[in-house]
Amino acid sequence: MPSLQRSEENGYVGARRRLVERLREQGVRDPRVLEAVSEVRRHLLVDEALRDQAYEDVPLPIGDRQTISAPGIVAAMSEALELEGDETVLEVGTGSGYQAAILSRLAARVISIERIPGLANRARSALDMLGVTNVVVHLGDGSRGRPSEAPFDAIIVTAGGPKVPEPLIEQLAPGGRLIGPFGPRGQQELIRVRRKPDGEIVRESLGPCRFVDLVGEHGWMG
Ligand code: SAH
């Protein structure tokens with residue numbers, strides 16, 4: 001690697017370390033989540049002009065009027081999924097592929113669905129570039145889930161819908177967790193749904209949040 005490029009990469013390592021410290025201060029505890037954030041090169045998933053902001057805790061535009069979520073919410077949602085390493089996870093809303101890259105280090109397999117073809121293609125190339133091999137990106141309406149590969153140990157929805165899509169709850173394995181932003185446009189609540197081993201469904205709110213729209217049959221109309 002040319003030395004200029006290497007020193008640039010080193011600069012990003014420092015920026016990631018500072019980000020991890022900040023997330024720790026914000027209350028992220030799971031060491032595997034913090035390690036994943038310290039390793040995934042988020043700057044490669046944003047436009048070159050935005051790279052210097054890649055390790056600030058802010059969402060950034062990724063084209064097609066969509067955003068890469070802020071690292072803080074990505075870490076908080078990842079932690080809330082309580083992953084141990086052997087799970088199959090469904091992600092709805094691939095976007096840049098950042099959340100998928102984080103999950104790839106926390107679970108065995110990630111199936112991610114994106115509705116915008118350009119973003120799905122870019123995310124596939126980005127995940128290849130990052131050396132991620134256990135994420136598959138599908139094009140489609142993720143609000144319907146992916147019945148052919150259900151049930152899932154964990155489901156993460158990274159776009160805001162009016163309510164938790166019923167098909168996603170149905171596709172949750174016993175003991176499984178779903179997390180996502182649901183409620184009115186632009187002011188959702190982060191909801192965790194748990195299917196207990198005996199089948200009972202339990203919901204809890206983890207606080208307010210703000211995401212781009214979940215557009216689809218079980219989301220908002222496009
Ligand atoms: N997880 C992403 C965040 C992307 S923003 C990241 O880490 O970068 C939310 C994404 O959800 C957008 O790319 C949007 O196109 C996508 N989306 C919205 N509704 C969807 C649906 N019904 N199915 C699949 N993807 C959807």
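Just follow the structure's listing: the first ligand is 1, and inside any ligand the first atom is 1. One is the number of the first residue; the rest follow in order along the sequence. Only heavy atoms go into these numbers, but all of them, side chains included; no hydrogens, no water, no symmetry mates.
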Q: Consider ligand 1: state whether an atom of it lies below 4.0 angstrom from any non-hydrogen atom of Ser112.
A: no
Q | Test item, Ile156 contacting ligand 1 (heavy atom, 4.0 angstrom) | A | no
Heavy-atom contacts with [X] under 4.0 Å: which atoms of ligand 1 show up? List them by number with element.
| X | answer |
| --- | --- |
| Gln99 | 1 (N), 7 (O) |
| Ser96 | 6 (C), 7 (O), 8 (O) |
| Ile68 | 8 (O) |
| Glu91 | 1 (N) |
| Ile113 | 24 (C), 25 (N) |
| Ile116 | 15 (O) |
| Ser69 | 3 (C) |
| Ser143 | 22 (N) |

To which protein heavy atom is [atom] closest, and what is the distance rounded to 0.1 Å?
| atom | result |
| --- | --- |
| atom 23 (N) of ligand 1 | Gly142 N, 2.8 Å |
| atom 12 (C) of ligand 1 | Gln66 OE1, 3.3 Å |
| atom 22 (N) of ligand 1 | Val215 O, 2.7 Å |
| atom 4 (C) of ligand 1 | Thr67 O, 3.2 Å |
| atom 9 (C) of ligand 1 | Thr158 O, 3.3 Å |
| atom 15 (O) of ligand 1 | Glu114 OE2, 2.6 Å |
| atom 17 (N) of ligand 1 | Arg115 CG, 3.9 Å |
| atom 11 (O) of ligand 1 | Gly93 CA, 3.2 Å |

Is the [atom1] atom of [X] crowded by more than 12 outside heavy atoms at less than 6.0 Å?
| X | atom1 | value |
| --- | --- | --- |
| Arg109 | CZ | no |
| Glu48 | CD | no |
| Arg210 | CZ | no |
| Glu149 | CD | yes |

Could you tell me whether [X] approaches ligand 1 through its side chain, its backbone, both or neither, with non-hydrogen atoms closer than 4.0 Å?
| X | value |
| --- | --- |
| Leu119 | side chain |
| Thr94 | backbone |
| Ile62 | neither |

If the threshold is 4.0 Å, N to carboxylate O, is there a salt bridge linking [X] and [Y]?
| X | Y | value |
| --- | --- | --- |
| Arg122 | Asp64 | yes |
| Glu79 | Arg29 | no |
| Glu56 | Arg18 | no |

So does [Y] get a backbone contact from the side chain of [X], meaning a donor-acceptor N/O pair under 3.5 Å?
| X | Y | value |
| --- | --- | --- |
| Asn134 | Ala108 | yes |
| Gln171 | Ile169 | no |
| Glu87 | Gly85 | yes |

Q. Does an N or O from Ala159, backbone or side chain, lie closer than 3.5 Å to an N or O of ligand 1?
A. no
Q) N/O to N/O below 3.5 Å, does that happen between Leu214 and ligand 1? A) no
Q) Are Gln99 and Thr158 linked by a side-chain donor-acceptor pair shorter than 3.5 Å? A) no
Q) Is there a donor-acceptor contact under 3.5 Å linking the side chains of Arg42 and Tyr98? A) no
Q) According to a 4.5 Å side-chain heavy-atom criterion applied to Ile, Leu, Val, Met, Phe, Trp and Tyr, with indirect links allowed, do Ile116 and Ile62 form part of one hydrophobic cluster? A) yes
Q: For the residue pair Ile179 and Val157, establish whether any side-chain heavy-atom pair is separated by less than 4.5 Å.
A: no
